[in-house]
Amino acid sequence: MVHRRGNLDRRELLSATAGAAVLAATPRLLKARKRSKVIVIGAGLSGLGAALALEEAGLDVQVIEGRDRIGGRVLSHRNVPGNPESGGTSFAPGYARLVSAANDHGVELIDLTPIVPFFFQRELFLGGERIAPDAWVSHPRNPFPEPLKKLMPWAYLGTAAAKNPLTTNEAWLDPANSALDIPVSEWLKSIGWSDDAIHMAYDINPNWGDSARTVSALMVLSALKFQQTQQELAKGKAMGYTARDGNQAIPEAMARALERPVELRRNVVAIRSDRNGVEVRCADGTRYQAEHVVCSIPTAVLRNVAIEPALPAEQARAVRELGVQAISLVHAVPRRKFWEDDALSPNFVSDGLINMAVAERKGADPKEVTSLSLWLRGENARKLDRLDDAEATAAVVREFEKLRPAAKGQLEVLAYHSWMRDPFSLGDWAVWEPGQVSAFARIVGKAHGRMHFCGEHTAISNRGMEGALESSERVALEILDDA
Ligand SMILES: Cc1cc2nc3c(=O)[nH]c(=O)nc-3n(C[C@H](O)[C@H](O)[C@H](O)COP(=O)(O)OP(=O)(O)OC[C@H]3O[C@@H](n4cnc5c(N)ncnc54)[C@H](O)[C@@H]3O)c2cc1C
């Protein structure tokens, strides 16, 4: 059945891709028939997007949130100069929904175009040794074939994009492509990559999974396709954005626009639904009754929430087993510009404990470094999770000083965030492991009676923050169908 609302139908909505500014406006075209009450669990982007859409359609909405802050996996450190991010970091002009949310709610965006060239000035450290770009071409550890030897490891994965068999943002879900639900390492080998090239281009700084062996090719190829769509949509526009007071300002402004304030510190432990309604129970004993519930809880947390009646077996398995990205960030302020002493860029990528160091330039002058963000991914993040915070940050500083002796005594650590240890995330973005796209992607976000699921892990056409907002539109439409 096709549900037509205003000028759009559901199929059009779900097949629309990243550029669909019209999608962001869609909820305004809708009106519910009655003022149903909806509980939204989670004040991240997807929960807030759903709440605003439902409220605008005339429903009575209450958002409840487990943490004592708004934003979920969008987390800006206001105690560090420049408000660096430990979560959603930057976004492109093709993030139509997120840009609209910022504009609609009065959040000023910073154009990152002047900063981008600095971002790609990176040093490479392998086995503790710095390898300069001109030495890299003939370095014995360079595994890339001629004529691509001049590419630095972080630029090499992009060459696979030219052979990407996925032609649309949604093609990763097409059963016709399910043969690609294999480790991305296998797909890379099938297009001629050596094991060493895969290790160098993927494993030393993995964006998805712990290594190319642990993630589905469908996930990586769909992410590459999404990036390509974003690049096309950004042509002639800004190269990226971040919000003036940190990206967390966007969900915070969305929360302020709600009729009812978000109730914080409501850690949901159980959701029960029957023909008449839903009941949501929190660890502190608070209970909420409503006609529908929107649940934006990430799967790694949701698997510990009691759901009654139980989810269908395959959906329950999806919630239980869907992979998550291990990632931690350390934010430090340099006491001195040590990179002027060693005459290197402050940014680097390494195959050691610190996967990536990024000099943030969030002040008035892009030449000025406001702080350093140190990224720990996959196995490195898990290794740090076995230490307490003081030991973990000390280990990171030691590693930094080993690679950059000029930085000795110059780093003041102001923030550290492990997403795996954060009880309201227990990991970062969903990682579709080999076989999981075919098994889980179409069912993980399926409505279950009066329970409706959103969140970046349920997105179809978009990823990250834009995916979270895409999912909020889908879930709002689901409820409005019933309301
Ligand atoms: C390091 C990092 C870098 C990133 N970089 C980018 C980027 O550059 N671009 C991009 O687009 N995306 C990026 N992302 C991803 C993006 O931030 C997320 O995909 C997006 O914010 C997820 O939104 P969500 O609403 O789906 O989930 P969340 O933001 O996690 O929202 C879920 C909410 O539910 C709450 N909750 C959880 N459990 C309970 C419970 N039991 N009871 C009550 N409440 C609960 C949580 O506290 C949270 O507020 C990044 C993320 C991280 C961590």
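Counting starts at 1 for both ligands and their atoms, in listed order. Numbers here simply count residues along the sequence, with the first being 1. Every value quoted in this text rests on a predicted model; they were computed, and no experiment measured them.
Applying the salt bridge (Lys or Arg N to Asp or Glu O under 4.0 Å) test to every pair with at least one member in residues 436-465, sequence neighbours left out, gives these pairs: Arg73-Glu456.
Two rings, from Phe400 and Phe348, have their centers less than 6.0 Å apart. Ring to ring, Trp208 and Trp432 are not that close: their centroids are 6.0 angstrom or more apart.
Annotation: side chain of Arg122 is not in contact with side chain of Met152 (no heavy-atom distance under 4.5 Å).
With no hydrogens or angles considered, a side-chain donor-acceptor pair links Thr242 and Asn247 at under 3.5 Å.
For the side chain to side chain contact (heavy atoms under 4.5 Å, CB included) with Cys282, the qualifying choice from Arg287, Arg265, Arg266, Glu263 is Arg266, the only one to do so.
Using a 4.0 Å heavy-atom criterion, the residues that approach ligand 1 are Ile41, Gly42, Ala43, Gly44, Leu45, Ser46, Glu65, Gly66, Arg67, Gly71, Gly72, Arg73, Val74, Ser86, Gly87, Gly88, Thr89, Ser90, Tyr95, Arg266, Asn267, Val268, Ser296, Ile297, Pro298, Val301, Leu329, Trp375, Trp419, Phe424, Asp428, Trp429, Gly455, Glu456, Gly464, Met465, Ala468.
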